[in-house]
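Here is how names work: the chains are called A, B, and so on, in the same order as the sequence lines, proteins then strands, and each is numbered from 1.
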Protein chains: 2
Amino acid sequence: MTARVKLSDVARHANVSTATVSRVLNGKSVVSEQTRRQVLAALDVLGYARPDSVSARSSGMVGLVVPELSNPIFPMYVQELERHLSTAGWVPLLCTQSPGGVTEDEYVRILTERGVAGIIFVSGLHADLNADPKRYHDLADIPFVTINGPNPAIAAPSFACDDADATNRALEHLVSLGHTRIGLAIGPSRFVPISTKVKTYTTALRRLLPESEPLVAQSLFTIEGGQACAEELLDSGVSAIIATSDLMAIGAIYQVRSRGLRVPEDVSVVGYDGTALTAFTDPPLTTVRQPVARIAQAAVTTLLQSIAGEKSPTSSLLFSPELIVRSSTAPKPQEKE
Amino acid sequence: MTARVKLSDVARHANVSTATVSRVLNGKSVVSEQTRRQVLAALDVLGYARPDSVSARSSGMVGLVVPELSNPIFPMYVQELERHLSTAGWVPLLCTQSPGGVTEDEYVRILTERGVAGIIFVSGLHADLNADPKRYHDLADIPFVTINGPNPAIAAPSFACDDADATNRALEHLVSLGHTRIGLAIGPSRFVPISTKVKTYTTALRRLLPESEPLVAQSLFTIEGGQACAEELLDSGVSAIIATSDLMAIGAIYQVRSRGLRVPEDVSVVGYDGTALTAFTDPPLTTVRQPVARIAQAAVTTLLQSIAGEKSPTSSLLFSPELIVRSSTAPKPQEKE
């Protein structure tokens, strides 16, 4: 269909090389959105019909499946993924879930029916050890990538915050402050990141504090979940809590205070996710920040390469988080020694 | 196309009345998703092809256009809208924007091409007094509703937090605490809610504090915008600030403190939006909460009625916000009198 197009005319009009025009027209390579739009505009002006492959791409949709938007880490991912997708000329079809609403499987069916070119799963069923990975094998025709909770049973590129690294950083920070009874407040253990964190915590504790027993409390990823975990861990006499979400950390702080104790003077709390408002909580939260921007960019780049027909590695890429030290952690109180 | 279907068979199998089967098949009335699914399952089991109207509805898409997801009020709206849409069997196609990315107009074109049944605009160009409302007239074929920033130039149902009420509540709260120099920290005045808030503030100030001059500072809706506004208002000697977003309020608190002043002892700050984490900021934020759940439910119900072909009123519905008094407001400091 490009036979009738005089590449040199289009190239001159769009102020790009003929090779670039070719790349845009055959739709096989990733070119910058600005360049692509210049070429499309030149096609329009010169009266050439856009080839189907180009038209499809110009309003191509990519499914974004997230578990929910109440935890601010998910809007952060969506915002970054949207930015990278739309800059490249793609439109995200966002599927967010709520109890009793549309399930991930239903969303995938609808996305497939609607002809999305690819799907990005953020903390989806791929990260749930209780879910059957077979559902992803059935997706073989449509390129997809997963974010967080890397699952070796699923043959797709995965991009994740390094959960082991995150746990080690939080634990080492608290040990360096002199804490010896450090509890882990986790979300549901059926999720890959939680499973990794528990293993890492247990192993690192044995190495750093061989006398100390692992103290793990499990609930939901929410503020209320953090409160419940903190209650259990405080009963076990911890002086520090590592939470597996910022919301849980906020709940843990609330629980510490409801016992008449102070954060960080009596009990230190470390969050996880590094969402924006943690800088403004009371106290400002020490937390381990997921490199959302880098993960989102890598996921989008790889997905678009897959859509363009390039083979991509199916290995799991891990991204190092950052420990942000603020005011919810302090040296272990003297009176507890 | 329903002629070949024996309604009585389907009704018996789905355990509903024949009238209900009719309603589902003609797709003209809103029935509960559960009932609809029962009827569809019965059709499948009995070997009837689903009529087109039903198939279209069963994976029907509704466009949700939001300006961004970094301000937590927008994920709140999306989460609630998604919940109501998906419970009714609809899938939201979320369009969120970022600088340099896809514009609202482009999203609308793509949504229309993809055959969405309706669109919900949250704080879209309808709320921007500088934007041409004509773009919405061109949308006449597709049902849509707007949330926040009601614009009489657009003939569609609109659902909004009552901005005048919100401003009055904040102002009356601060006046009751004895404040006499109260500044308003606003986002861009081209937006309908801001325009309403400035008018309300000016009028109410004249009524409540006739000796006091209006003090309005304008910036962005962000934390940094709040800082900039607070700087200007503090220079004018205010003892209280009303912000037009929670993020701005957080920025204002930051700015007050960077001058060595305290919140609320020296300066009171009131937020707006009532997003979840404001209960956990330092100090917990006094704020005016948008009734997000009620607005979202009304918007979805009305949109689905329009999609089903029912005439809906094009008037603007205003929802009263709640003043949540926490710890960022206190009586005017004595030393300033």
Backbone of A/Q97 reached by a side-chain donor or acceptor of B/Q79 within 3.5 Å: yes
So, for B/T96 and A/E82, which heavy atoms are closest and what is the spacing to 0.1 Å? O-OE2, 2.5 Å
Residue B/F74 versus chain A: region with a heavy atom under 4.5 Å: neither
Side chain, backbone, both or neither of B/P72 within contact of chain A (heavy atoms, under 4.5 Å): side chain
Would you indicate whether the side-chain heavy atoms of B/M61 and A/L93 approach each other to under 4.5 Å? yes
So which bits of residues 279-286 of chain A come within less than 4.5 Å of chain B, counting non-hydrogen atoms only? A/F280, A/T281, A/D282
Which bit of B/I223 is near chain A, if near means a heavy-atom gap under 4.5 Å: side chain, backbone, both or neither? side chain
Sub-4.5 Å side-chain heavy-atom contact between A/L247 and B/L277: yes
